[in-house]
Amino acid sequence: MSRFPAYRPRRLRRSETLRRLVRETRVTVEQLVQPLFVVPGSGVEKPVGSMPGIAQLSVDRAAEECRRLADLGLPAVLLFGIPEQKDARASGATDPDGIIPRALGAIREAAPGLLLMTDVCLCEYTDHGHCGIVRDGDVDNDPTLELLAAEALAHARAGADLVAPSDMMDGRVGAIRRALDAAGFAQLPIMSYAAKFASAFYGPFREAAESAPQFGDRRSYQLDPPNAEEALREVALDIEEGADIVMVKPALPYLDIVRRVKERFGYPVAAYHVSGEYAMVKAAAARGWIDEGRVVAESLTAIRRAGADVVITYFAKDVARGLGRA
Ligand code: PBG
């Protein structure tokens, strides 16, 4: 049964104006979140080798950068902190004067309207690089929850607008929600890294955040990449425990999960277009093998089309400056 020649799909593809008119998915700057890596010191701007265009920034530089991001119309940043000292108990993570609390103060002053999201995890703060307290060679779930809750609370007290737990411990969203509520932060949203897979695409990030595990890997806490049903159970748990936005990570290799999470739960969904996805595009573009702007536009559109409401991407600033605009 064909409606041809009455229906000719090509009719609406014949000019950019027509194509724009009937376009089903749009990527707007208001939906993009720029991750930032904050390091101790001042005047520091240290490029991350595997992420061209991305640098570790000291608090003063991060504040200046955030003013530029806000001026470009970006709504939000996601902050990762690298402390002065790392230890087995991740002391820097819960320090009220730690790197993230200091960054929050300075950025708030420089860019008052910007939404300040903070990554809540211990891997940047532990000397072994794991996302929790290690006992007998594995991350010990329940004692880690207390530290994560204390870290989230330190961020809340320093002015975070949203906390984003990325550790993948069981029960952490509930532990953080209870701690926030008890301290008067019932209105502070949680964006949980709900379906976070044990992915090889995080490689460059671990250079940027200085958080590579010193032994083993993260497979005892992050999701096994082949498992979609389990990912949906993880998302269900986080929603029951109080997550307001649920994230899928990485993005492009997991668009099936993004779609299923959106359809099953109808919650705001975030997708994290991660460091390895960024690095691949940059590397191929630098060799002239792909058109960076078009690849970025197509990638972000695909992430949105799959059902993501919020896209966390290292390309956010470039897109806000016009990269990929047709
Ligand atoms: C911390 C964390 C990671 C990322 C975000 N939060 C790394 C990891 O789990 O090893 C990865 C982000 C990226 O690759 O861009 N747990």
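One-based numbering, in listed order, for ligands and for the atoms of each. The first residue in the sequence is number 1, and the count goes up from there.
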### Query
Which ligand 1 atoms, with their elements, are less than 4.0 angstrom from a heavy-atom of Ser166?
1 (C), 2 (C), 6 (N), 16 (N)

### Query
Between Glu65 and Lys317, does at least one N-O distance fall below 4.0 Å, as a salt bridge requires?
yes

### Message
Between Arg108 and Asp161, does any side-chain N to carboxylate O distance fall below 4.0 Å?
### Response
yes

### Electrostatic pair Arg259-Glu263, nearest N-O below 4.0 angstrom
yes

### Query
Hey, does Lys249 sit under 4.0 Å from ligand 1 if you only count heavy atoms?
yes

### Task
Quick one: sort the Phe205 and Phe80 rings into parallel, tilted or perpendicular, breaks at 30° and 60°.
perpendicular

### Enumerated ligand 1 atoms positioned under 4.0 Å from heavy atoms of Tyr272
12 (C), 15 (O)

### Message
I need the atoms of ligand 1 closer than 4.0 Å to a non-hydrogen atom of Arg218, numbered in the order shown.
### Response
8 (C), 9 (O), 10 (O)

### Message
Return the CE to CE distance between Met191 and Met117, rounded to the nearest 0.5 Å.
### Response
4.5 Å

### Task
Tell me which part of Tyr278 gets within contact of ligand 1: side chain, backbone, both or neither, using heavy atoms under 4.0 Å.
neither

### Query
For ligand 1, which atoms, with element, lie under 4.0 Å from some heavy atom of Cys131?
16 (N)

### Message
I need the nearest protein heavy-atom contact for atom 14 (O) of ligand 1: residue, atom name and distance, please.
### Response
Ser275 OG, 2.7 Å

### Message
Does the residue Lys196 have a heavy-atom contact with ligand 1, meaning some pair of atoms that are separated by less than 4.0 Å?
### Response
yes

### Task
Decide, yes or no, whether a salt bridge links Arg233 with Glu229 under the criterion of side-chain N to carboxylate O below 4.0 Å.
no

## Note on the structure
Applied to residues 139-188, the ring-ring contact (aromatic ring centres under 6.0 Å, His included) test, sequence neighbours excluded, yields none

### Query
Which of the atoms of ligand 1 are close to Asp119, meaning less than 4.0 Å from one of its heavy atoms?
6 (N)

#### Entry: Per-atom contacts of ligand 1 with Cys121, taking only distances under 4.0 Å to non-hydrogen atoms
1 (C), 16 (N)

### Query
Sequence neighbours excluded, which residues qualify as side chain to side chain donor-acceptor pair (under 3.5 Å) partners of Thr144?
none

#### Entry: From Leu300 atom CG to Leu32 atom CG, the distance as rounded to the nearest 0.5 Å
6.5 Å

### Task
Would you mind running through ligand 1 and noting each atom that sits below 4.0 Å from a heavy atom of Tyr314?
12 (C), 13 (C), 15 (O)

### Query
Just which atoms of ligand 1 are under 4.0 Å from any heavy atom in Gln222?
8 (C), 9 (O)

#### Entry: The one among Phe205, Phe197, Tyr221 that brings a heavy atom closest to atom 12 (C) of ligand 1
Phe205

### Task
Would you mind telling me if ligand 1 is within reach of the side chain of Cys123, the backbone, both or neither, using heavy atoms under 4.0 Å?
side chain

